Amino acid sequence: MPPAMKSIATSALLVLAIAGILPFAAPQKASAQKQIIYAVLHDEGNLAIVDPASGKLVQRIQVGRAPDCIMPNADNSKLYISNTGEITVSIVSVADAKVSQVLRLPVNRRNIYAGPMTRTPDGATIFVAERADGDEALRIYAIDTKKELITGQFDAGASISALSVSNDGKKLFVVNKGKGVKIFDAATYQDLGAVDPLKGLADNITGMACSPVAPKAYISYGPKNHVQVVNTDTYKTTGDVAMPKYKTGAQGDISFSGDGRYAFIINRKVDLKEIDGINVMDAAKDEIIKIFNSGIVQRGIVVAPDNNTCYIAADELKWYNLAKLEHQRSINLRTTVHGIAVIVK
């Protein structure tokens, strides 16, 4: 066959292949995405990268002293980690699996450290509070995740134990442990007032989380075994959920699933008859429907983006099927795990 004819025939075959008419033109499947867990190893000063599909620890990344909370930015390309043994926030590049920058909080007082964190729903701003061993007045710093800079700061009271932003991104709720809950404008930092605590229980206020899909928040009251339901638009109490007798202990940090269906409340046993684990709240009914007997949980609770799996950092890193509310698997990281995050790659 003359060269010109060969060229025409080859071109025709390529056209047919692209059109999907020939067998060898079957489209290539895109590489499947998978979930990766980032676990804060508090005692080691490291961030662990865990592949839950294989159940293996992939890598450790050194961050700062006593890391605690972890928050992703808007596009999940960076992870922000508060180092509570110092006054820094480590920024970890997900793509490079290394610390890309360290932000130093502009603290000019002794015995002040980085503390709890939260973020706006769009991930554009991360708030990090100061932490102190005493009862000092503390500040909160706003980090612009696009600029990777601290762009604001404001006074927020002592003993800050939890931060949470309302579903509309407009209000920042600050828990002053054993004192109350203050409300600030998330953009201007103006003081908007406070949430009235449950009568006689203010001294026990511990944790809080806002629903990501509705103007609702839950506030925990430690060993008093009550969870307050609050409307984040009006700041009014709309419910008071008593913990069932067999689940009592002391309730602490709270996290919501991304779809707002469930809230997960850390439960610490006070006596031998109680359970260390997670109380699961049906957020539509404001009702405790399950307890995960996971062991002692410091802070780490996160739900995967598909809302099918809940990962919990206890004595082991554990995950639970949310369709059945059952334990699936565990990985022993052989050290204390605090905050955790899940990224789909």
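What's counted below: heavy atoms across the whole structure, side chains too, no hydrogens, waters or symmetry copies. Predicted, not measured: the structure shown is a model, and the values here were computed from it.
Proximity of Val181 to Gln228: side-chain heavy atoms (C-beta onward) are nowhere separated by under 4.5 Å. Between Lys78 and Ser93 there is a side-chain heavy-atom pair separated by less than 4.5 Å. Side chains of Arg268 and Ile296 form a contact here, defined as non-hydrogen atoms less than 4.5 Å apart. Ile331 places none of its side-chain heavy atoms less than 4.5 Å from the side chain of Leu57.
Side-chain atoms of Ser257 never come within 3.5 Å of backbone atoms of Asn307 as a donor-acceptor pair (strictly under, hydrogens ignored). Looking only at distances, no side-chain donor or acceptor of Ser255 sits under 3.5 Å from a matching main-chain atom of Phe264. Looking only at distances, no side-chain donor or acceptor of Asn83 sits under 3.5 Å from a matching main-chain atom of Gly85. At least one donor-acceptor pair under 3.5 Å links the side chain of Ser82 to the backbone N or O of Gly115. A donor-acceptor contact shorter than 3.5 Å links the side chain of Thr206 to the backbone of Asn204. Using a distance-only test at 3.5 Å, with no hydrogens or angles considered, no donor-acceptor pair links the side chain of Asn267 to the main chain of Gly277. Panel note: side chain Asp75, backbone Ser77; a donor-acceptor pair is recorded below 3.5 Å. For the pair Gln35 (side chain) and Pro305 (backbone), a donor-acceptor distance under 3.5 Å is absent. Side-chain atoms of Asn111 do not come within 3.5 Å of backbone N or O of Asp133 as any donor-acceptor pair. Counting only distance, with no hydrogens or angles, the side chain of Lys318 and the backbone of Ser294 share a donor-acceptor pair below 3.5 Å.
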### Steps toward side-chain contact (heavy atoms from CB on, under 4.5 Å) verdict (Ile81, Val92)
CA-CA 8 Å; Ile81 301 162; Val92 172; 3.9 Å; yes
### Query
Could you go step by step and tell me if Asp315 and Asp276 meet the side-chain contact (heavy atoms from CB on, under 4.5 Å) rule?
CA-CA 11 Å; Asp315 51 340; Asp276 285 315; over 6 Å; no
#### Entry: side-chain contact (heavy atoms from CB on, under 4.5 Å) between Ile219 and Val227, worked out
CA-CA 5 Å; Ile219 301 172; Val227 171; over 6 Å; no
### Task
Dump the intermediate steps for side-chain hydrogen bond (donor to acceptor under 3.5 Å, both in side chains) on Asp43 and Thr336, then the final yes or no.
CA-CA 6 Å; Asp43 296 340; Thr336 304; 2.9 Å; yes
### Query
Could you go step by step and tell me if Asn46 and Gln62 meet the side-chain hydrogen bond (donor to acceptor under 3.5 Å, both in side chains) rule?
CA-CA 4 Å; Asn46 289 331; Gln62 185 174 4; 5.6 Å; no
### Task
Please step through side-chain contact (heavy atoms from CB on, under 4.5 Å) for the pair Ile312 and Val297, ending with a clear verdict.
CA-CA 7 Å; Ile312 295 173; Val297 180; 3.6 Å; yes
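In this structure, His42 and His338 have parallel ring planes: the angle between them is below the 30° cut-off, well short of the 60° mark. Taking the six-membered ring where tryptophan is involved, the planes of Phe154 and Phe127 are perpendicular, since the angle between them exceeds 60° and thus also 30°.
Here salt bridge (charged side-chain N to carboxylate O under 4.0 Å, His left out) pairs that include residues 103-127, with residues two or more places apart or in two chains, are Arg109-Glu130.
The salt bridge (Lys or Arg N to Asp or Glu O under 4.0 Å) check on Arg65 picks up Glu86, with sequence neighbours excluded. Not counting sequence neighbours, the partners of Ala214 by the side-chain contact (heavy atoms from CB on, under 4.5 Å) test are Ser211.
Ile183 and Val230 fall within the same hydrophobic cluster, defined by Ile, Leu, Val, Met, Phe, Trp and Tyr side-chain heavy atoms under 4.5 Å apart, directly or through other members. Hydrophobic clustering (ILVMFWY, side-chain heavy atoms < 4.5 Å, transitive): Ile254 and Tyr221 are in distinct clusters. When hydrophobic clusters are built by joining Ile, Leu, Val, Met, Phe, Trp and Tyr residues whose side-chain heavy atoms come closer than 4.5 Å, directly or via intermediates, Leu47 is not grouped with Val89.
Taking 4.0 Å as the cut-off between side-chain N and carboxylate O, Lys179 and Asp135 count as a salt-bridged pair. Between Arg299 and Asp68 there is a salt bridge, with a side-chain nitrogen of the basic residue lying less than 4.0 Å from a carboxylate oxygen of the acidic one.
Applying the 6.0 Å contact sphere to NZ of Lys224 captures no more than 12 heavy atoms from other residues, nucleotides or ligands.
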